[in-house]
Amino acid sequence: MLLKGKVAVVTGASRGIGKGIALALGEQGATVYVTGRTVNDGDHELPGTVSQTAQQINELGGIGVAVAVDHANDEQVAELFAQVEREQGYLDLLVNNAFALPDDLTDPAPFWQKPLSNWQMVDVGVRSNYVAAWHAAKLMTKRNTGLIVAISGYTGVAYTYGVVFGTSKSAVDRMARDMAIELKPHKVASISLWQGLTWTERAERNLANIPGLKGAAATRPEDGCSPQFPGRVIAAVLNDDTRMRHSGGTFITAEMADMYGIKDIDGRTIPSLREARGAPIWAPID
Ligand SMILES: NC(=O)c1ccc[n+]([C@@H]2O[C@H](COP(=O)([O-])OP(=O)(O)OC[C@H]3O[C@@H](n4cnc5c(N)ncnc54)[C@H](O)[C@@H]3O)[C@@H](O)[C@H]2O)c1
């Protein structure tokens, strides 16, 4: 219960990595505001709602608060942070996870044969990070403490699936760094985390659609991790009084886990894919 009294916002937490992070924070007693476009109805054909995530956080010993927020809508985002301020008075952690992944993400077509609407990944995935951080920074700098985390991936340097995907992840890595420079005098840290393959509902569906994949490779590839794994790493950074040393950096989640001695929920060490997929560009600021 190391995070009792800590207040967090995790965006896009109805399923997948956002849900896993929210549960890992809840397990340590945090109060976690979890957002999705609707509270009780799933907003996609994949399973999961934020009210279910909030309920699971409560069962784990944390406090879950489900809030309907479309992160493409600035007024709804403003109201979320106003609610946090009204109810809690402060904010310790923002995890920018929501990402509008298009259903044709893994189709091999080149960018000009995919719809222009693929740019939605920049709207909810890059711009939405900026808007949420803009509100969070106002709360965090008042107390001179806080942590803002962007969920990114090797896609930030390694071509994966398409042009808009890579553009989005490079942008959030850079945004985390430049925010760190401006937040430094206020002792608020900003980092970007590179997730490897994560066993989410969406990833499992995508793998099932790739012809020829069989056995574990088609369901739970051994390099993959649980959705809670990045949450454990974020909890460790939040608990670390010297976390400003990381600010501005882009980190491979698996390497940061090693730094803090963290394993996945089944006890496995998650491998870094630095050699195979690429290395982050942004080191922490001085
Ligand atoms: N799954 C992986 O293997 C993997 C690997 C590296 C990085 N990532 C990154 O992790 C993040 C989450 O991915 P995921 O695999 O869990 O995907 P996902 O599609 O399952 O989850 C995305 C979440 O964002 C929410 N969301 C989408 N649009 C929204 C909007 N307009 N307003 C509010 N919420 C919205 C969805 O409802 C969902 O909860 C993404 O940034 C993704 O790029 C995933």
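Indexing begins at 1, ligand by ligand and atom by atom, following the structure's order.
Looking at Arg37 and Ser14, their side chains never bring a donor and an acceptor atom within 3.5 Å of each other. Counting only N and O atoms by type, the side chains of Gln52 and Gln56 include no donor and acceptor under 3.5 Å apart.
The distance from atom CD1 of Ile148 to atom OG of Ser190, rounded to the nearest 0.5 Å, is 6.0 Å.
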Using distance only, find each side-chain donor-acceptor pair of residues 91-98 under 3.5 Å and give its atom names and separation, not counting sequence neighbours.
residue : atom : partner : partner atom : Å
Asp92   : OD1  : Arg143  : NH2          : 2.7
Asp92   : OD2  : Val7    : N            : 2.8
Asn96   : ND2  : Asn129  : O            : 3.2
Asn97   : ND2  : Thr11   : O            : 3.1
Asn97   : ND2  : Gly12   : O            : 2.9

For residues 168-176, tabulate all N or O donor-acceptor pairs below 3.5 Å that involve a side-chain atom, not counting sequence neighbours.
residue : atom : partner : partner atom : Å
Ser168  : OG   : Val164  : O            : 2.7
Lys169  : NZ   : Ile151  : O            : 3.1
Ser170  : OG   : Gly156  : O            : 2.8
Ser170  : OG   : Gly166  : O            : 3.1
Asp173  : OD1  : Ser152  : OG           : 2.9
Asp173  : OD1  : Ser192  : OG           : 2.7
Asp173  : OD2  : Trp194  : NE1          : 3.0
Arg174  : NE   : Asp178  : OD1          : 3.2
Arg174  : NE   : Asp178  : OD2          : 3.1
Arg174  : NH2  : Asp178  : OD2          : 3.4

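Phe165 meets the ring pair (Phe, Tyr, Trp, His ring centres under 6.0 Å) test with Phe99; sequence neighbours excluded.
Listed by chain and number, Gly12, Ala13, Ser14, Arg15, Gly16, Ile17, Arg37, Asp43, Val69, Asp70, His71, Asn97, Ala98, Phe99, Leu101, Val124, Ile151, Ser152, Phe165, Lys169, Gln195, Gly196, Leu197, Thr198, Thr200, Arg202 each place a non-hydrogen atom less than 4.0 angstrom from ligand 1.
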